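Written out below as structure tokens is the structure these notes cover.
Remember, it's a predicted structure, so these values are computed and weren't measured experimentally.
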Amino acid sequence: MPNSTDLSANTTGGSEAFPSELPEFGEIPSEAPTEDDWSPAETFLYTGDPSTMSMARCSRAYSIKGQTGSLPSNFHIPLGPALDALANTANFLNMVFQASDLRESTVDEDMEWYHALVRSLLEADFLIQRALLTFDADPTAQVPQLVLCATRNPTGKQQGILLQDLSKAWDSLHPPAPAPDDSWFRKLKFPEFGQPSVALSKRVLLNDLSTLDTPKWGQGDSYVTNRAGVQYASSPFLDCKDGYFKPGWVLTLSASFYGLKPDLTPEFRGVIRVDVNIQDIDLDQCATGDSWFADTHQCNRTSMECVPVPGRGFRLGQYCCRCKEGYYNPEIPPENPENNGSESSATCYPNMPICLPCWPGCKRCQDSTPCWVQEDRLLRAAVLALQGVFMFLVFVSMLVSYQHRQNRRIRASSLLLLETILFGSLLLYFPVFILYFKPSTFRCILLRWVRMLGFSIVYGTITLKMYRVLKVFLSRTAQRMPYISSLHLLRILGVMLMTVSWFLCAWTVGVLQNRDRSIPVFLTATTADGQGFSLCYLDRWDYMMAVAELLFLCWGSSLWTAVRPVPSAFHEPRYMGIAIHNELLLSSMFHLFRFTFQSLHPDWMLLLSFIHTHVTITVTLMLLLVPKFFYKSKARKEEIAAEVYEDELDLRRSASFLNNSFCSALSERSMDPDDFQVLHA
């Protein structure tokens, strides 16, 4: 037997069981033998199998050791009818004995309705096996004056009721331990010091009955009780009948009723008791609190949790142990991970599972291997350091460009636009830094912001530069067209960024609302080998952002097709076109791979993002900056191109030169792309 519940033969207050063959009134039975074998009763408490007691002999009832706690909460519903019947009967007797004209009535005069009352209790609920009424005219007497007992006595196809008057056999009803004693009566009549008295509520009755010709009272006080006044035994018992235990645990419920003293205060008159069969009520050893058998399971409190097995009735050991989160059972095959942590994987009493701790940080696992991906810290640190170096070089390039702003190579690209492209490049370098850390709501939102804004700034500026070239050089007439200044291009870029920012704000608000609706911003994914990691959730808006990028690059590609014939110093439109097509091709592959393989190891995803950043934005910066310092062209072409792309401070001079020299060189005729091809040649 387990040590969690002691089943010794010692008895603490509880229920009384009645012997099946009572002696004649006044005859005291011989003392019950003490060599009875109680092990079948103890075994029945665990197995619930009636056959375990078929060969066991008994001379008296057996009561398990009393429980000091309260009645289990799941007992209240099945015992509800018995509790209500007991409280209603006690209140009926309260009303009877507290009526002024019935206080002097004798027991003999009312014996017949006492018989009817105790018998009617058996009909209140089929779980009630026995009902008992004790009446006490003398409040100080140790033995009640009247003891009536009604017991279910099924005979054949009919259900009978055995009614007995046990008034003269009171002492014979309480054999030695482990049989239950008379505490059900004694505690109500002689409450111990400090023990709470029975809950009684005062009621005032006004008599206005015309059927009473000469009523003795017009107003009467009475005291009533409710379910709270019903007492239960501290432990159930097994009844002994014909020398054999009856297979069913029985619980005693009792309630006292009261008359009135001359000063109209309550006076104890007796007890109503019922014995209820609780064999079909589940006993939960996994429950917490101070109720019967609560928290008496043998599961390891550190690594296991107790799961009750319902439908087994009043039996101990009806629970299973399963591993808590953070522990695993090595006896469960790893190829069935879906069963880990479920009730089907629990091991039921008396067998106990073996629960070993998972890898630190794992809530669920099948073995001791890491369930979360183990990041390569050296690789990630190297990627982060290298990314920092490139960002530092871009920042230095911004400073150098500003310092050499009077240089013709810098002026040819417009300092403002060049600095804007470099600043956007810094934003495009930031996603690698964000991916280095664990995903969070803020980081997942910031990741989209820096990507979209950086992309819009860099490739928006490049596309607008090609748009300015198209407006200046591909006019169908030789008239001088209004020159689009860098500030004007920045204003157009600002409108584009406002549109992108408005979209990002709307998306951010939607993401935060989804989080309030328990829609995750980031989730847990698993790699191919079952290791988990956190990942920013990719929804339909991420697909729309990727498509918007590609459509914008397609527009830039169409502009490049139109400006290909334009001669320029350093062949800047040509390199801008190469940068756009490089971004279009590689970003398409990157987005396709990112959406298809979302369960990629985070180290590989970080490395992939790092590579994508440098084969796109780093290559773009090299295409825009490096040719300016290594390309040498004819002085005339360089002068023409430089003055065409001159900063707006020298706009008047370059426009005049364009109109006087370049346009006259073309003989005042319309300019076609073929003309520029010839000039370029």
Whether [X] side chain and [Y] backbone form a donor-acceptor pair below 3.5 Å:
X	Y	result
Ser558	Trp555	yes
Asn329	Pro353	no
Asn74	Asp282	yes
Tyr319	Gln298	yes

Inset, instruction - Mind jotting down which residue pairs meet the side-chain hydrogen bond (donor to acceptor under 3.5 Å, both in side chains) criterion with at least one end in residues 584-598? Sequence neighbours excluded, please. - result: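 The answer is Glu549-His591, Glu583-Ser587, Ser587-His612, His591-Arg594.
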Inset, instruction - Would you list the pairs meeting side-chain hydrogen bond (donor to acceptor under 3.5 Å, both in side chains) in which at least one residue belongs to residues 487-505, sequence neighbours left out? - result: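 Sorted result for residues 487-505: empty, none.
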Where [X] and [Y] come nearest, the two heavy atoms and their spacing:
X	Y	value
Ile580	Ser557	CG2-N, 4.0 Å
Val394	Ser425	CG1-CB, 4.4 Å
Phe455	Phe552	CE2-CD2, 4.2 Å
Leu418	Ser401	CD2-OG, 3.7 Å
Asn582	Thr616	ND2-CA, 3.7 Å
Gly424	Val458	C-CG2, 3.4 Å

Got more than 12 heavy atoms from elsewhere within 6.0 Å of [atom1], [X]?
X	atom1	result
Tyr467	OH	no
Phe433	CZ	yes
Met622	CE	no
Tyr402	OH	no
Phe595	CZ	yes

Do [X] and [Y] touch side chain to side chain, with heavy atoms closer than 4.5 Å?
X	Y	answer
Gln285	Gln318	no
Asn300	Cys321	no
Leu584	Cys554	yes
Leu512	Ile445	yes

Inset, instruction - Tell me, with the steps shown, if Cys358 and Tyr328 meet side chain to side chain contact (heavy atoms under 4.5 Å, CB included). - result: CA-CA 6 Å; Cys358 298; Tyr328 72 97; 4.1 Å; yes
Legend entry - Flag for Tyr327-Thr302: side-chain donor and acceptor within less than 3.5 Å: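 Looking only at side-chain atoms, Tyr327 and Thr302 do not form any donor-acceptor pair under 3.5 Å.
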Quick one: [atom1] on [X] to [atom2] on [Y], what's the gap to the nearest 0.5 Å?
X	Y	atom1	atom2	result
Ile434	Cys536	CD1	SG	9.0 Å
Leu427	Ile457	CG	CD1	5.0 Å
Phe430	Thr613	CZ	OG1	12.5 Å
Leu608	Leu435	CG	CG	10.0 Å

Inset, instruction - List in chain and number order the residues that pass ring-ring contact (aromatic ring centres under 6.0 Å, His included) with Phe423, two or more places apart in sequence or in another chain; answer none if no residue qualifies. - result: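 Applying ring-ring contact (aromatic ring centres under 6.0 Å, His included) to Phe423 gives none.
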Inset, instruction - Taking ring-ring contact (aromatic ring centres under 6.0 Å, His included) as the test, write out the residues that go with Phe522, two or more places apart. - result: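 ring-ring contact (aromatic ring centres under 6.0 Å, His included) check on Phe522 returns nothing, list empty.
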Inset, instruction - With sequence neighbours left out, write down each residue that passes side-chain hydrogen bond (donor to acceptor under 3.5 Å, both in side chains) with Asp295, or none if nothing qualifies. - result: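 Per chain and number, Asp295 pairs via side-chain hydrogen bond (donor to acceptor under 3.5 Å, both in side chains) with His297, Arg301.
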Legend entry - Partners passing salt bridge (charged side-chain N to carboxylate O under 4.0 Å, His left out) against Asp542 (at least two apart in sequence or in another chain):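 Residues passing salt bridge (charged side-chain N to carboxylate O under 4.0 Å, His left out) with Asp542: Arg448.
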Inset, instruction - Before giving the answer on side chain to side chain contact (heavy atoms under 4.5 Å, CB included), spell out for Cys355 and Met304 the whole-Å C-alpha distance, their side-chain angles and the decisive distance to 0.1 Å. - result: CA-CA 7 Å; Cys355 294; Met304 304 176 191; 3.6 Å; yes
Inset, instruction - Just do the side chain to side chain contact (heavy atoms under 4.5 Å, CB included) check on Phe610 and Leu606 with the steps written out, would you? - result: CA-CA 6 Å; Phe610 175 80; Leu606 177 66; 5.7 Å; no
Inset, instruction - Just grab all the disulfide bond (SG atoms under 2.5 Å apart) pairs involving residues 571-617, residues at least two apart or on different chains. - result: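 Every candidate disulfide bond (SG atoms under 2.5 Å apart) pair involving residues 571-617 fails, so no pair, neighbours aside, qualifies.
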Legend entry - Test log, rule side chain to side chain contact (heavy atoms under 4.5 Å, CB included), inputs Leu624 and Met576: CA-CA 7 Å; Leu624 295 180; Met576 288 191 296; 3.4 Å; yes
Applying side-chain contact (heavy atoms from CB on, under 4.5 Å), can you list everything that pairs with [X], at least two apart in sequence or on another chain?
X	answer
Ser440	Phe442, Arg443
Leu504	Trp449, Met452, Leu453, Val500, Met545
Leu464	Leu489, Ile492, Leu493, Met496
Val521	Thr441, Cys444, Val511, Arg515

Inset, instruction - Report the C-alpha separation of Cys306 and Cys299 in whole Å, then their side-chain angles, then the decisive distance to 0.1 Å, and conclude whether the disulfide bond (SG atoms under 2.5 Å apart) test is met. - result: CA-CA 6 Å; Cys306 180; Cys299 299; 4.5 Å; no
Give every donor-acceptor pair under 3.5 Å between a side-chain atom in residues 382-389 and any protein atom, sequence neighbours left out.
from   : atom 1 : to     : atom 2 : distance (Å)
Gln387 : OE1    : His614 : NE2    : 2.7
Gln387 : NE2    : Tyr429 : O      : 2.9

Inset, instruction - Given disulfide bond (SG atoms under 2.5 Å apart), test Cys320 with Cys348 step by step and report yes or no. - result: CA-CA 4 Å; Cys320 297; Cys348 297; 1.8 Å; yes
Legend entry - Residue from Leu600, Val373, Asp603 passing side-chain contact (heavy atoms from CB on, under 4.5 Å) with Phe533: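 The single option meeting the side-chain contact (heavy atoms from CB on, under 4.5 Å) with Phe533 is Val373.
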